[in-house]
Structures are given as C-alpha cells and as structure tokens.
Amino acid sequence: MKTPYTFLLAMVLGWGLQAQTVPVTFSVDMNNQTVDEAVGVHVAGNFQGWDPAATMMADDDMDGIYTVTVDVSDTLDIVEYKFVNGNAWGSDEAAPEACAYNGGTNRWFALD
C-alpha cells in the first residue's frame, strides 16, 4: 500500500522536472523590403506550432528592424523558424544556405 508521503514526494520531485521557458528575441531587417503595415511581419517556427499568423513582430522605433521576444520551451534542442513578410505561407522567406538547417529552408539555432 502506498502512503500519502510517497505521492507527495513524487509530486515535489516532478515539479523540478517540468519544462522551463527561455526568452528569445527574433529580429529581422526589413529596410529593403516592402512591408504591408496592415498585415505586418511575423515569425513562425517549431516553438509556436508553425503558425505564420500567430507571432507578429513590431518595429516600434521605425528603424526598419522588426523584433519580438517570445518564451521558448527549453525542451527544444533545435529551434527552427522562418520570417514571414505577411501572415500566411507563400510570403515566407527561404533562408539563405548559410543560415539554413540541414540543407532546408528554415533558419535555426541550438537552444543550450
């Protein structure tokens, strides 16, 4: 028969194993692009379900650099993402080869 203390110990130990989040800032220079201000610039990736409309970026100081800071789960080893000039697939970028993950079209970084 398990005691209530066993359950309590399992709960306490389990809390220490929960995923944490890490703030990550994404930035993209859009100075040489035409941005539809009504739709905006977004970032999509494996950290948010690859939804091209979910994570809007902002250019609060009007310098042409769009940024957003999001909380990313530390359970991800590799974060893959794309910048989207709009809010739908088809207006997303193909990352340059030097920035692409495994020869694909996504940008990436390792979350250490």
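For reference, positions follow the sequence shown, starting with 1. The figures that follow rest on heavy atoms only: side chains count, while hydrogens, waters and symmetry mates do not.
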Specify the closest pair of heavy atoms between Ser91 and Gly86, including all atoms of both residues, with the distance to one decimal.
OG-CA, 3.9 Å

In terms of heavy-atom contacts, Ala53 and Asn87 come closest through CB-O, 3.4 Å

Check whether any side-chain N or O of Asp92 sits under 3.5 Å from a backbone N or O of Gly90 as a donor-acceptor pair, and report yes or no.
yes

Phe83 with Trp89, same ILVMFWY side-chain cluster at under 4.5 Å
no

Compare every heavy atom of Pro52 with every heavy atom of Ala44, then report the nearest pair and how far apart it is.
CB-CA, 3.9 Å

Which residues pass the side-chain hydrogen bond (donor to acceptor under 3.5 Å, both in side chains) test with Asn106, not counting sequence neighbours?
Glu80

Taking side-chain hydrogen bond (donor to acceptor under 3.5 Å, both in side chains) as the definition, give me every residue that meets it alongside Asp77, ordered by chain and number, with sequence neighbours left out.
none

Under the salt bridge (charged side-chain N to carboxylate O under 4.0 Å, His left out) rule, collect the residues that match up with Asp59, sequence neighbours excluded.
none

What residues form a side chain to side chain contact (heavy atoms under 4.5 Å, CB included) with Ala110, not counting sequence neighbours?
Ile78, Trp108, Asp112

Glu37: what forms a side-chain hydrogen bond (donor to acceptor under 3.5 Å, both in side chains) with it, not counting sequence neighbours?
Tyr66

With sequence neighbours excluded, residues passing side-chain hydrogen bond (donor to acceptor under 3.5 Å, both in side chains) with Thr75:
Ser73

Please identify each residue that fulfils ring-ring contact (aromatic ring centres under 6.0 Å, His included) with Phe47, with sequence neighbours left out.
Phe26

Non-hydrogen side-chain atoms of Pro23 and Asp71 separated by less than 4.5 Å:
yes

Applying side chain to side chain contact (heavy atoms under 4.5 Å, CB included), can you list everything that pairs with Ser27, at least two apart in sequence or on another chain?
Thr25, Ile65, Thr67

Under the side chain to side chain donor-acceptor pair (under 3.5 Å) rule, what pairs show up with a residue in residues 41-54, not counting sequence neighbours?
Gln48-Thr55

Taking C-beta and beyond as the side chain, do Val35 and Asn85 meet within less than 4.5 Å on heavy atoms?
yes

Should Val79 and Val24 be counted in the same cluster of Ile, Leu, Val, Met, Phe, Trp and Tyr side chains packed under 4.5 Å apart?
yes

Scan for side chain to side chain donor-acceptor pair (under 3.5 Å) pairs involving residues 95-104, sequence neighbours excluded, and state none if there are none.
none

Are the side chains of Val68 and Met56 in touch, meaning some heavy atoms are under 4.5 Å apart?
no

Check the pair Leu111, Val72 against side chain to side chain contact (heavy atoms under 4.5 Å, CB included), reporting the backbone distance first and the verdict last.
CA-CA 9 Å; Leu111 190 60; Val72 174; 4.0 Å; yes

Keeping to residues at least two apart or across chains, list the salt bridge (charged side-chain N to carboxylate O under 4.0 Å, His left out) pairs with something in residues 100-111.
Glu93-Arg107

Is there a path of hydrophobic side-chain contacts, each under 4.5 Å between heavy atoms, that joins Val39 and Val84?
no

